[in-house]
Amino acid sequence: MSSAFPPFDYDSARASFSFSVPPQFNFAFDVVDQRAKSDDKTALIAIDRSGETVNYYRYSDLEKQSNRFANALLAMGIRKGDTVLVVLPRIAAWYFVILACTKIGAIAMPGTNQLKAKDLAYRIHRSDAKLAVVTAAHAQAIESIQGDCPSLRHRILVGGQSPGWEHFEALCAEASEALDRSSIPATKADETMLIYFTSGTTSMPKMVARDHAYALAHGITARYWQDLKASDVHWTLTDTGWAKAAWGLLYPPLLAGASIMLYDGEGFDLAMHLKIIAQHRVSTFCAPPTIYRVMAKADLSGADFSSLRHCFGAGEPLNPEAMRAWKLATGCDIYDGYGQTETINIVANFPGMPIRPGSMGRPCPGLTVDVIDDAGQVLEANAIGHIAVKITDPYPPGLFRGYYRDEETTAKVFRHGWYYTGDTATRDEAGYIWFVGRSDDIISSSGYRISPFEVESTLIEHPAVAEAAVIGKPDELRGEIVKAFIILAKGYQASEALAQDIQQFVKDQTAPYKYPREIEFRDSLPKTISGKIRRVDLRAEK
């Protein structure tokens with residue numbers, strides 16, 4: 001099904017863009033419930049962990065089940081402005097909970113399923129959460145910290161029963177599927193709807209408050225980058241605890257009226273993923289670059305990708321090697337996109353616009369994104385600077401307004417009329433933006449500024465390298481030298497000869513000054529719970 005897209009007129013799209021938000025807006029009522037009335041089609045295709053049980057939920061099911069849980073929340077005293085911790089796997093109940101919170105104005109705070117007790121306590125304390133909604137996987141952790149979390153008054157268990165817990169299914173069964181919107185305080189577009197925590201690559205996770213208008217702003221994500229349509233079966237591979245879930249499992253596909261694939265699998269089972277794509281005719285697909293690399297290196301000759309029409313990636317920069325291999329296997333290009341927990345999709349390769357492999361693309365219509373210096377001045381082409389979003393009037397769609405209860409950190413990122421993302425990049429003559437690294441990760445060696453990502457991208461093209469992380473190591477002569485931490489692929493053994501071969505490979509593939517003068521072979525690398533490498537920890541080891 002993969003095919004070329006019609007040409008995308010970038011300049012016209014920017015010139016004709018318009019975006020307006022009503023003073024009062026509620027995504028659950030105004031989008032999901034309205035879709036249930038106008039086009040009650042399949043909203044979710046939920047597959048259990050075994051891959052054998054498939055349940056279909058229509059838009060009207062989302063409406064009714066979220067109404068039931070909203071009534072249950074109201075009955076237990078949860079009100080507008082209360083924070084609700086939600087740690088659930090990829091199951092339909094996650095939608096019911098998030099949409100129910102949205103309807104009554106409670107602030108849902110999704111958490112990744114990899115959180116431990118101390119992580120949960122940190123989030124509950126920082127947000128004063130009154131309710132935790134979890135499965136049995138996190139029940140014991142919640143019980144262990146309850147005494148230290150005075151704000152936590154209620155606990156709801158999904159998919160099971162336990163003493164001292166409210167039972168989600170029973171609460172919903174007893175509640176009415178009708179909800180009188182007029183009896184609930186209206187939600188203003190600029191009031192807080194969600195709280196996400198950042199992944200914490202360079203510091204402790206920060207709280208990012210997202211208002212109700214954020215959901216509507218994801219129409220930009222859906223239209224320009226994802227190209228979602230009501231006829232699509234869309235699948236984004238992500239944990240429900242990350243903002244990526246808002247991008248791929250929630251707002252854009254529901255705004256477009258698409259059907260969402262939801263697979264509650266553990267880890268990455270290649271055979272199962274290929275089976276789901278073929279059997280359920282997935283047409284739009286989003287995966288992190290790590291998954292694309294795994295899939296691209298596998299034997300995909302017998303896989304059925306005929307339903308795919310559009311593939312895209314986000315979460316970390318996409319290596320050109322993976323893009324080439326995926327195109328060869330599926331016939332589809334991978335359209336890289338960029339954004340943060342603090343934003344919607346703000347830079348992307350748009351369908352119908354030429355892809356420059358390795359680039360994150362061009363700024364999305366409706367947003368002014370550029371590469372600037374410390375003083376807020378736009379830099380010339382090919383100069384390394386900060387990726388930033390210009391603060392415009394009207395306010396940039398989908399951009400957060402500050403870290404929750406953290407004015408000091410907010411002031412650091414909002415300055416000179418820009419929001420500094422904390423990432424660095426270059427912009428070429430055509431306006432494409434090329435990721436360099438986190439601001440704290442840039443390596444300065446003998447007067448050169450070196451992107452860890454660029455070196456890592458070259459390293460993983462070597463057949464012996466499975467994973468790589470690159471940092472700057474202090475050096476008396478050069479200021480810093482490039483040091484690489486490498487996990488070897490199966491069948492390779494660490495040796496000085498192999499290290500020299502890898503060094504020579506990098507010299508041959510890119511500018512010689514970028515090669516790692518020091519290589520350390522490792523069995524593992526420090527990562528956030530979202531899987532991103534914590535270079536800050538590697539630098540601390542020096």
Side-chain angles (χ1 to χ4, degrees), residues 21-34 36 62-88 93-111 123-134 149-156 158 166 168 171-172 174-197 207-218 240-241 243 245-246 250-251 254 341 395 398 400-406:
V21 181
Q24 294 183 352
F25 177 74
N26 188 289
F27 178 82
F29 283 125
D30 296 328
V31 175
V32 176
D33 290 8
Q34 288 304 311
L62 295 186
E63 176 187 18
K64 294 171 184 176
Q65 294 302 319
S66 62
N67 282 350
R68 287 182 181 276
F69 191 58
N71 282 318
L73 290 176
L74 292 170
M76 67 172 54
I78 301 298
R79 295 292 184 265
K80 181 180 180 181
D82 290 342
T83 304
V84 178
L85 173 70
V86 184
V87 185
L88 297 175
W94 181 75
Y95 289 85
F96 308 155
V97 173
I98 297 294
L99 294 174
C101 289
T102 302
K103 284 181 172 179
I104 69 171
I107 302 169
M109 184 171 66
R123 284 155 174 76
I124 292 169
H125 279 304
R126 291 295 306 277
S127 66
D128 291 327
K130 290 187 178 180
L131 166 66
V133 185
V134 303
C149 299
S151 69
L152 192 63
R153 301 174 187 172
H154 305 281
R155 308 180 309 193
I156 295 178
V158 176
E166 298 277 5
F168 175 80
L171 288 171
C172 291
E174 295 166 2
S176 171
E177 66 180 30
L179 180 63
D180 181 6
R181 183 177 184 179
S182 66
S183 67
I184 303 169
T187 54
K188 297 178 180 179
D190 61 359
E191 291 179 325
T192 302
M193 174 184 65
L194 287 173
I195 291 176
Y196 273 109
F197 280 79
M207 296 170 67
V208 180
R210 307 314 331 249
D211 60 23
H212 287 269
Y214 166 73
L216 195 58
H218 266 302
T240 55
L250 191 54
Y251 302 119
L254 293 180
T341 306
Y395 197 76
F400 84 134
R401 293 178 182 268
Y403 292 108
Y404 194 66
R405 299 177 178 175
D406 192 345

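When a residue number appears, it is its place in the shown sequence, counting from 1.
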For the residue pair Arg126 and Ile195, establish whether any side-chain heavy-atom pair is separated by less than 4.5 Å. no
Heavy-atom check, side chain of His212 versus side chain of Thr102, under 4.5 Å: yes
May I ask you to decide whether Arg405 forms a salt bridge with Asp128, counting only side-chain N to carboxylate O separations under 4.0 Å? yes
Can you name the closest pair of heavy atoms from Ile124 and Cys149 and give their distance? CG2-CB, 3.8 Å
Crowding at CZ, Arg155 (>12 non-hydrogen neighbours, <6.0 Å): yes
With a 4.0 Å cut-off, would you call Asp33 and Lys103 a salt bridge? yes
Have a look at Leu99 and tell me which of Phe69, Phe29, Phe27 forms a side-chain contact (heavy atoms from CB on, under 4.5 Å) with it. Phe27
Looking at residues at least two apart in the chain, or sitting in another chain, which of them share a ring pair (Phe, Tyr, Trp, His ring centres under 6.0 Å) with Tyr214? His218, Tyr251
Can you find a pair of side-chain heavy atoms, one from Phe168 and one from Val97, that are under 4.5 Å apart? yes
Rounded to the nearest 0.5 Å, what separation is found between the OG1 atom of Thr240 and the CH2 atom of Trp94? 6.0 Å
My understanding is that only residues two or more places apart in sequence, or in another chain, count here; which of them pass ring pair (Phe, Tyr, Trp, His ring centres under 6.0 Å) with Phe25? none
Please, which pairs that meet salt bridge (charged side-chain N to carboxylate O under 4.0 Å, His left out) have at least one residue in residues 65-81, sequence neighbours excluded? Arg68-Glu177, Lys80-Glu191
